[in-house]
Amino acid sequence: MPSSPKRREPKALSDILGNLFAARGYGRLMGAGELEAAWNAAVGEPASRQTKVGAVRRGILNVTVAHPILIDELSSYRKPEILAALRREAPGTPIHDIRFRVGPIEPPARGPG
């Protein structure tokens, strides 16, 4: 009897959804939100309002800071503490260093009313 054409085995729904999320970039969006929340908790107020979390490339988090004095504080005095907090609060994003640069920080959007 001739062999039947190859049949595909059914895939698990979790695999299908995982592939869809990866293809659509939802994982990055969720990761970015998690990272931003972890950053805000790690640096606290008012530093969180004067910084903007950027991309992570090759384990280096890029952060824009409103002024050089804050860069000095964050990089010279608080970097180890911030890195530890980020690793603890955003474990899905491996970070081994932070690179700071001065740049404009847009105020958060205000809600209606």
Side-chain angles (χ1 to χ4, degrees):
M1 180 171 208
S3 63
S4 63
K6 286 188 177 180
R7 295 183 73 186
R8 291 188 192 184
E9 293 293 320
K11 291 186 177 185
L13 182 59
S14 61
D15 292 340
I16 294 169
L17 289 176
N19 291 338
L20 176 64
F21 285 175
R24 298 285 185 206
Y26 295 130
R28 278 194 307 266
L29 291 175
M30 291 174 59
E34 177 185 64
L35 183 58
E36 187 171 347
W39 173 264
N40 291 340
V43 299
E45 288 289 334
S48 64
R49 289 181 287 139
Q50 299 174 23
T51 57
K52 182 179 177 189
V53 175
V56 177
R57 290 191 177 91
R58 297 182 182 170
I60 300 172
L61 173 63
N62 292 287
V63 177
T64 303
V65 182
H67 51 81
I69 294 171
L70 184 55
I71 285 180
D72 190 42
E73 175 189 336
L74 295 174
S75 64
S76 298
Y77 302 107
R78 298 189 56 201
K79 189 187 261 189
E81 157 200 340
I82 294 168
L83 280 169
L86 292 175
R87 289 178 186 135
R88 184 177 57 252
E89 300 299 324
T93 308
I95 298 171
H96 65 264
D97 198 9
I98 305 170
R99 182 174 296 144
F100 298 99
R101 70 176 181 89
V102 174
I105 304 297
E106 295 179 22
R110 291 176 29 166

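Not measured: the values here are computed from a predicted model. Index from 1, following the sequence. Atom set for the values below is all heavy atoms of this structure, side chains included, hydrogens, waters and symmetry mates excluded.
Pro104 places none of its side-chain heavy atoms less than 4.5 Å from the side chain of Lys52. The shortest side-chain heavy-atom distance between Arg58 and His96 does not fall under the 4.5 Å cut-off.
From Ile95, atom CD1 reaches atom CG of Leu61 across 4.5 Å, with rounding to the nearest 0.5 Å. Note that the CZ atom of Arg49 and the CD1 atom of Ile105 stand 12.5 Å from one another [nearest 0.5 Å].
Heavy atoms only, all atoms of each residue included: Ser48 and Asn40 are closest at CB-OD1, 3.3 Å. For the pair Leu70 and Ala47, the tightest heavy-atom approach, listed with the atom from each and the gap, is CD1-CB, 4.2 Å.
Under the side-chain hydrogen bond (donor to acceptor under 3.5 Å, both in side chains) criterion, His67 pairs with Gln50, sequence neighbours left out. Arg101 meets the side-chain hydrogen bond (donor to acceptor under 3.5 Å, both in side chains) test with Thr64; sequence neighbours excluded. Scored by the side-chain hydrogen bond (donor to acceptor under 3.5 Å, both in side chains) test, Asn62 finds no partners at all (sequence neighbours excluded).
Among the candidates Ile98, Ile82, Leu74, Ile71, the single residue satisfying the side-chain contact (heavy atoms from CB on, under 4.5 Å) test with Val63 is Ile98.
By the rule that hydrophobic residues join a cluster once side-chain heavy atoms approach within less than 4.5 Å of another member, Val102 and Ile60 end up as members of separate clusters.
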- Item | Steps toward side-chain contact (heavy atoms from CB on, under 4.5 Å) verdict (Glu89, Glu34) | CA-CA 8 Å; Glu89 300 299 324; Glu34 177 185 64; over 6 Å; no

